[in-house]
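Note that these values count all heavy atoms, side chains included, but never hydrogens, waters or copies made by symmetry.
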Amino acid sequence: MTSEEPSHWFEPLADHLGSAYLRYSFTKGTAQEVEFLCDALLLQPGDRVLDVGCGPGRHANAFAARDIDVVGIDIAQRFIDLARENAPANGRTRFERLDARQLPFHAEFDAAISLCQGAFGLVGAGDDEAVLAGIAQSLKPGGRFAISAFSSYFQVRYPQPDGTFDIDSGVHHERTVIKDEAGTDAEADLWTTCYTARELRLLTARAGLAVDAVWSVTPGAYERTPPTIESPELLIVGRRP
């Protein structure tokens, strides 16, 4: 796959958004999320982390600032370029344009993350299984993972006025307007697959991963809260046996 070949509907959106992506409110909780995940995933300086769907590198670079080695992959070259530009000078990050459905790594990482629908949840329900299989393949035995997903419970409980949630597929569709760095508008369609806690447990188990917990989370306020219908996201954590 070359950098000139769009292969997913999200790439033109990322090209338009650029660094304006980091203006969205949900990106402001990076420090809290990384601190929480370092504890939940038992991360230490020198560990290797795979960030699947890293976007412009906000989590990957925050982990690297803690002397954790991170490989970030994303399907959008624009986001990979931004991640590289914002990387800390300690050389602990590497960013590559890769398709999360076709991860090439084998037992290389102490932990893997896929957060904020950067990959898992963005590629469609069937392809989400390929993402999970790739994460399982990438982890060392005993390696840990953390994956977030939009909650189907929340979508039903709190319908969004500008979106529709398809009960049959579990996909939320939204027609919206996104702005680039200069404030120029562009209309965009967003499709995100949502899950229940049970579905996440079943899918990760099918990928050969052991589930330790599923928590309800809000961006910038990750905590060990049992699943409820009041939080927009679910965070599933566990390990490769």
Subject >> Residues that Gln137 engages under side-chain hydrogen bond (donor to acceptor under 3.5 Å, both in side chains), provided they are two or more places apart >> reply: none
Subject >> Residues that Asp15 engages under side-chain hydrogen bond (donor to acceptor under 3.5 Å, both in side chains), provided they are two or more places apart >> reply: none
Original post:
Do Val123 and Leu98 share a hydrophobic cluster, counting only Ile, Leu, Val, Met, Phe, Trp and Tyr and linking them when any side-chain heavy atoms are less than 4.5 Å apart?
Top reply: yes
**OP:** Quick one: list whatever passes side-chain hydrogen bond (donor to acceptor under 3.5 Å, both in side chains) with Lys179, sequence neighbours left out.
**Re:** Asp185
Subject >> Pairing residues for Asp162 by the salt bridge (Lys or Arg N to Asp or Glu O under 4.0 Å) criterion, not counting sequence neighbours >> reply: none
Original post:
Can you find a side-chain donor-acceptor pair between Thr30 and Arg58 that sits under 3.5 Å?
Top reply: yes
**OP:** Please test Trp215 against Phe36 for side chain to side chain contact (heavy atoms under 4.5 Å, CB included), starting from the C-alpha separation and ending with a verdict.
**Re:** CA-CA 12 Å; Trp215 297 314; Phe36 177 89; 3.7 Å; yes
Original post:
Is the backbone of His106 close enough, under 3.5 Å, to the side chain of Glu108 for a donor and an acceptor to pair up by distance?
Top reply: yes
Original post:
Do Asn86 and Phe95 have side chains that get closer than 4.5 Å, going by heavy atoms?
Top reply: no
Original post:
How many angstroms lie between atom CZ of Phe63 and atom CG of Asp69, to the nearest 0.5 angstrom?
Top reply: 12.5 Å
Subject >> Side chains of Arg66 and Glu35 in contact at under 4.5 Å (non-hydrogen atoms) >> reply: yes
Original post:
Which atoms form the tightest heavy-atom contact between Val156 and Pro159, and what is the distance?
Top reply: O-CD, 3.7 Å
Subject >> For the student: nearest non-hydrogen atoms of Ile80 and Cys54, plus distance >> reply: CD1-SG, 4.0 Å
**OP:** Mind jotting down which residue pairs meet the ring-ring contact (aromatic ring centres under 6.0 Å, His included) criterion with at least one end in residues 167-190? Sequence neighbours excluded, please.
**Re:** His173-Trp191
Original post:
Taking only residues two or more places apart in sequence or in another chain, which ones pass side chain to side chain contact (heavy atoms under 4.5 Å, CB included) with Arg23?
Top reply: Ala20, Glu181
Original post:
If Ile, Leu, Val, Met, Phe, Trp and Tyr residues are connected whenever their side-chain heavy atoms lie under 4.5 Å apart, and connections chain through other members, are Leu234 and Val237 in the same group?
Top reply: no
**OP:** Of all the heavy-atom pairs spanning Ser231 and Ser151, show the shortest one and how long it is.
**Re:** O-CB, 3.8 Å
Subject >> Step-by-step side chain to side chain contact (heavy atoms under 4.5 Å, CB included) determination, Val49 to Phe109 >> reply: CA-CA 6 Å; Val49 173; Phe109 295 93; 5.6 Å; no
**OP:** State, yes or no, whether a side-chain contact exists between Ser114 and Phe145 at a heavy-atom distance under 4.5 Å.
**Re:** no
Subject >> Any side-chain heavy-atom pair of Ile68 and Cys38 under 4.5 Å >> reply: yes
Original post:
Is there a path of hydrophobic side-chain contacts, each under 4.5 Å between heavy atoms of I, L, V, M, F, W or Y residues, that connects Phe26 with Leu17?
Top reply: yes
Original post:
Rounded to the nearest 0.5 Å, what separation is found between the CD atom of Gln155 and the CD1 atom of Ile167?
Top reply: 9.5 Å
Subject >> Heavy-atom closest pair, residues Ala112 and Leu139 >> reply: N-CD2, 3.6 Å
**OP:** Look up atom CD in Glu223 and atom CG in Leu235, then write down how far apart they are to the nearest 0.5 Å.
**Re:** 11.5 Å
Subject >> Criterion side chain to side chain contact (heavy atoms under 4.5 Å, CB included) on His59 and Val70, from CA distance to verdict >> reply: CA-CA 9 Å; His59 292 104; Val70 187; over 6 Å; no
Subject >> Counterpart residues, ring-ring contact (aromatic ring centres under 6.0 Å, His included), relative to Phe154 (two or more places apart) >> reply: Tyr158
Original post:
Can you tell if the side chain of Leu190 reaches within under 4.5 Å of the side chain of Leu13, non-hydrogen atoms only?
Top reply: yes
Original post:
Would you call Arg144 and Asp110 a salt bridge, using N to O less than 4.0 angstrom?
Top reply: no
**OP:** Not counting sequence neighbours, which residues clear ring-ring contact (aromatic ring centres under 6.0 Å, His included) with Phe120? List them please.
**Re:** Tyr195
Subject >> side-chain hydrogen bond (donor to acceptor under 3.5 Å, both in side chains) involving Asp47 - partner list, sequence neighbours excluded >> reply: none
Original post:
Side chains of Ile113 and Ser148: does their closest heavy-atom pair fall under 4.5 Å?
Top reply: no
Original post:
Is there a chain of hydrophobic side chains (I, L, V, M, F, W, Y, each step under 4.5 Å between heavy atoms) that links Val131 to Val211?
Top reply: yes
Subject >> Main-chain N/O of Tyr222 paired to Gln32 side chain as donor or acceptor, under 3.5 Å >> reply: yes
Original post:
Which of these passes salt bridge (charged side-chain N to carboxylate O under 4.0 Å, His left out) with Asp212: Arg224, Arg239, Arg201, Arg240?
Top reply: Arg239
**OP:** Kindly compute the distance separating OG (Ser138) from CG (Leu103), expressed to the nearest 0.5 Å.
**Re:** 5.0 Å
Subject >> Flag, side chain of Thr93 to backbone of Asn61, donor-acceptor distance under 3.5 Å >> reply: no
**OP:** Indicate yes or no: at least one non-hydrogen side-chain atom of Val171 is less than 4.5 angstrom from one of Cys194.
**Re:** no
**OP:** Nearest 0.5 Å please: distance from the CZ atom of Arg206 over to the CD atom of Glu129.
**Re:** 4.5 Å
Original post:
Out of curiosity, Ser152 OG to Glu199 CD, how far, rounded to the nearest 0.5 Å?
Top reply: 5.5 Å
Original post:
Donor-acceptor pair, Thr204 side chain versus Leu209 backbone, under 3.5 Å?
Top reply: no
**OP:** Return the set of residues passing side chain to side chain contact (heavy atoms under 4.5 Å, CB included) with Ala186 (not counting sequence neighbours), or none when no residue passes.
**Re:** His16, Ile178
**OP:** For Pro88 and Ala64, work out which heavy atoms get closest and say how close.
**Re:** CG-CB, 3.7 Å
Subject >> Taking every non-hydrogen atom, the tightest pair across Gly118 and Asp74 >> reply: O-OD2, 4.3 Å
**OP:** Would you please name every residue forming a side chain to side chain contact (heavy atoms under 4.5 Å, CB included) with Ala182, sequence neighbours left out?
**Re:** Asp180, Thr184
Original post:
Should Leu115 and Glu233 be marked as a side chain to side chain contact (heavy atoms under 4.5 Å, CB included) after you check the CA-CA gap, both sets of side-chain angles, and the distance that decides it?
Top reply: CA-CA 10 Å; Leu115 305 175; Glu233 292 185 344; over 6 Å; no
Subject >> Pairing residues for Arg94 by the side chain to side chain contact (heavy atoms under 4.5 Å, CB included) criterion, not counting sequence neighbours >> reply: Arg48, Val71, Glu96, Phe105
Original post:
Does Phe150 belong to the same Ile/Leu/Val/Met/Phe/Trp/Tyr cluster as Ile229, with side-chain heavy atoms less than 4.5 Å apart forming each link?
Top reply: no
Subject >> Note, Ile75 side chain near Arg101 side chain (heavy atom, < 4.5 Å) >> reply: yes
